[in-house]
Amino acid sequence: MGGKRVRIHTNFQPKKCCKRSFVGDDVDDRISQLPDDILVDILSRLSLNEAGRASVLSSRWTNLWKHTPSLNFDVGQTVLDKLYGQRELFKREKRKYVKWVNSVTRSHKSLTLKEFKIRFALDKSARKAITRWLEFAFSRQVESLELDIKNDRHTSTDYRFPNELLIASKLQPPSDSVCIDHTRMLVDFKSLKELSFRSVQVSDAAIDFFLYNCPLLEKLIVHHSEKLLKLEICGSSLKLKHLEIVYCFGLKSLKVSAPSLTSLRVTSLDGLLLENVPMLVDVSVNCNDDSISIHHLFSLLSCCVSQLQTLCLDLTRRNFRQKVNELYGLPKMPKLKKLVIVYCARGYENLIRLASFIRASPDLVEFVLKVDLLLYWYMLFAYIH
């Protein structure tokens, strides 16, 4: 899997900085006497706002934050929750957020990036800005890229990952039917190790591109993408260790053959096929589709069930009352150490039936039962009435 090259706008090509200090040679404390690379490393451990505030300590620190290798624009869930239902406030904060990211990316001077993270509920008005941010990150040979543009309480933008970022000629419009020419790339993606898209409409072709051109890719996460249809995560040379394909409701089939994969999370069992996953020990799966039996789930995991060490099952919407014997005769999981079950017992159910999972795990060390309280009270109310 050789890395190829992709064209990035020249405005985003960083200028090399000198090996001496980024600012003047004035020294007024012992910390400021440290070499620039050590000071930058210190600043990289702070948030962007904290690193910016540190620039007022002395003129020696004024521009150091511009060379930090990590740009994390995650405002946090608390901030997003406060914006819920506040339409005008949300619009103002969104404009401030876009302005903030634009300002930092224009000023930033590091030649490479270890991390680039966007997390804010952005709508269609920010599409051009988002694409510019992606261009910026790719031009810095980013190692970890996360684009999360939806809060569950806000309407998400239908932002489609621009395939034209991955093809040499922009004369070809990005679409699912366009095959990306891997031989004509102008900027390589060899440094990319972690890639996460949440509420981004990304196509099968784009995922295939990243798998083909990112030989170091170890983590791939895709949440809430309706453009994924038939996905194949296959390759004997893949370094992929962690895979999440979650709430991609248009997905018809998912084939996984990755010898280094250790962790898998999926929310759809439709068309799931696992092959050559000798290292897979951690699986999380949503089993809420009553049309798919628990025994069928274990048949899908047959190639790895005997080696699993952690298993998380979301059973919140299953109706075991209609399938009394469904949990009998489960296959043994001899190496399972941790079992997590997310469940919502109806008023008529006895949780003792879940003991079948425990009996199938003779070496179990930890059992965690998570109860969906909101769903529980809703169902209890429906049952009573």
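Residue numbers start at 1 and run along the sequence shown. Only a predicted model underlies this, so the values are computations on that prediction, with no experimental measurement involved.
- Neither side chain, S196 nor K117, offers a donor N or O lying under 3.5 Å from an acceptor on the other.
- Counting heavy atoms from C-beta on, the side chains of E194 and L145 never come closer than 4.5 Å.
- By the rule that hydrophobic residues join a cluster once side-chain heavy atoms approach within less than 4.5 Å of another member, F298 and V266 end up as members of one cluster.
- Tested against L311 for a side-chain contact (heavy atoms from CB on, under 4.5 Å), the candidates D282, L336, I341 yield a single pass: L336.
- D123 and S125 form a side-chain donor-acceptor contact under 3.5 Å, judged by distance and modelled atom types alone.
- In this structure, the separation between CG on L111 and NZ on K109 is 11.0 Å, given to the nearest 0.5 Å.
- One hydrophobic cluster holds both F210 and L261 under the rule that ILVMFWY side chains link at heavy-atom gaps under 4.5 Å.
- Linking ILVMFWY residues whenever their side-chain heavy atoms come closer than 4.5 Å, directly or via other members, places L274 and L300 in the same cluster.
- Between the side chain of Q307 and the main chain of P278, a donor-acceptor pair closer than 3.5 Å is present.
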Exercise for the section: Given side-chain contact (heavy atoms from CB on, under 4.5 Å), test L228 with S203 step by step and report yes or no. Expected result: CA-CA 5 Å; L228 290 182; S203 67; 5.9 Å; no
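- Residues A126 and V98 approach most closely at CB-CG2, 4.2 Å, considering heavy atoms.
- Electrostatic pairing of K337 and D363 counts as a salt bridge here, judged by a charged N lying under 4.0 Å from a carboxylate O.
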Handout entry: Worked verdict on L301 versus L280 for side-chain contact (heavy atoms from CB on, under 4.5 Å)
Key = CA-CA 10 Å; L301 301 178; L280 184 59; 5.9 Å; no
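- Atom CG of residue D74 and atom CD of residue E146 lie 7.0 Å apart, to the nearest 0.5 angstrom.
- Distance CH2/W133 to CG/L122: 5.5 Å, rounded to 0.5 Å.
- Counting all heavy atoms, side chain and backbone alike, M333 lies closest to P362 at O-CD, 3.9 Å.
- Panel note: side chain D204, backbone L229; a donor-acceptor pair is recorded below 3.5 Å.
- Closest non-hydrogen pair, L147 versus I130, comes out as CD2-CG2, 3.9 Å.
- Using a distance-only test at 3.5 Å, with no hydrogens or angles considered, no donor-acceptor pair links the side chain of E226 to the main chain of F249.
- Looking at heavy atoms from C-beta onward, L354 lies in side-chain contact with L369 at the 4.5 angstrom threshold.
- Annotation: the span from K227 atom NZ to F161 atom CZ amounts to 10.5 Å, rounded to 0.5 Å.
- Between the side chain of Y247 and the backbone N or O of S268, no donor-acceptor pair lies under 3.5 Å.
- Put simply, the side chain of P162 reaches to within 4.5 Å of the side chain of L134, judged on heavy atoms.
- The closest donor-acceptor contact from the side chain of S107 to the backbone of S103 lies under 3.5 Å.
- Without hydrogens or angle criteria, K94 side chain to F120 main chain gives no donor-acceptor distance under 3.5 Å.
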Handout entry: Stepwise side-chain contact (heavy atoms from CB on, under 4.5 Å) test for V283 and L308
Key = CA-CA 7 Å; V283 170; L308 291 182; 3.6 Å; yes
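- Between T112 and V142, every side-chain heavy-atom pair lies at or beyond the 4.5 Å cut-off.
- We find that R132 and E135 are not joined by a salt bridge, their nearest charged nitrogen and carboxylate oxygen being 4.0 Å or further apart.
- Taking the side chain as every heavy atom from C-beta outward, I207 and V202 approach each other to under 4.5 Å.
- Using a distance-only test at 3.5 Å, with no hydrogens or angles considered, no donor-acceptor pair links the side chain of S225 to the main chain of V222.
- Residues H242 and T262 fail the side-chain proximity criterion, which asks for heavy atoms closer than 4.5 Å.
- With contacts defined as side-chain heavy-atom distances shorter than 4.5 Å, the pair K332/V305 does not qualify.
- S257 and E275 share no side-chain donor-acceptor pair at under 3.5 Å.
- Residues L273 and L220 do not share a hydrophobic cluster, clusters being chains of Ile/Leu/Val/Met/Phe/Trp/Tyr side chains in contact below 4.5 Å.
- In this structure, the side chains of V281 and M279 stay at 4.5 Å or more apart for every pair of heavy atoms.
- Of the possible polar contacts, none joining the R119 side chain to the I149 backbone as a donor-acceptor pair under 3.5 Å is found.
- For the atom pair NZ of K91 and CD of Q86, the computed distance is 13.0 Å after rounding to the nearest 0.5 Å.
- Taking the six-membered ring for Trp and the full ring otherwise, the centers of F357 and F367 sit at least 6.0 Å from each other.
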Exercise for the section: Go through the steps for E143 and F116 under the test side-chain contact (heavy atoms from CB on, under 4.5 Å), then give the verdict. Expected result: CA-CA 8 Å; E143 294 182 15; F116 187 82; over 6 Å; no
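- Of the N and O atoms on the side chains of T131 and Y159, at least one donor lies less than 3.5 Å from an acceptor on the other residue.
- There is a side-chain donor-acceptor pair under 3.5 Å between E244 and H223.
- There is no path of hydrophobic side-chain contacts, each under 4.5 Å, that joins I221 to L264.
- Taking all atoms of both residues into account, the shortest heavy-atom contact from W100 to N72 is CH2-O, 4.5 Å.
- How far CZ of R140 is from OG1 of T105: 8.5 Å, rounded to the nearest 0.5 Å.
- In this structure, L211 and E232 approach most closely via the heavy-atom pair CD1-O, 3.7 Å.
- For the pair P215 and K239, the tightest heavy-atom approach, listed with the atom from each and the gap, is O-CG, 3.1 Å.
- Here E93 does not pair with K82 in a salt bridge; the nearest charged N to carboxylate O distance is not below 4.0 Å.
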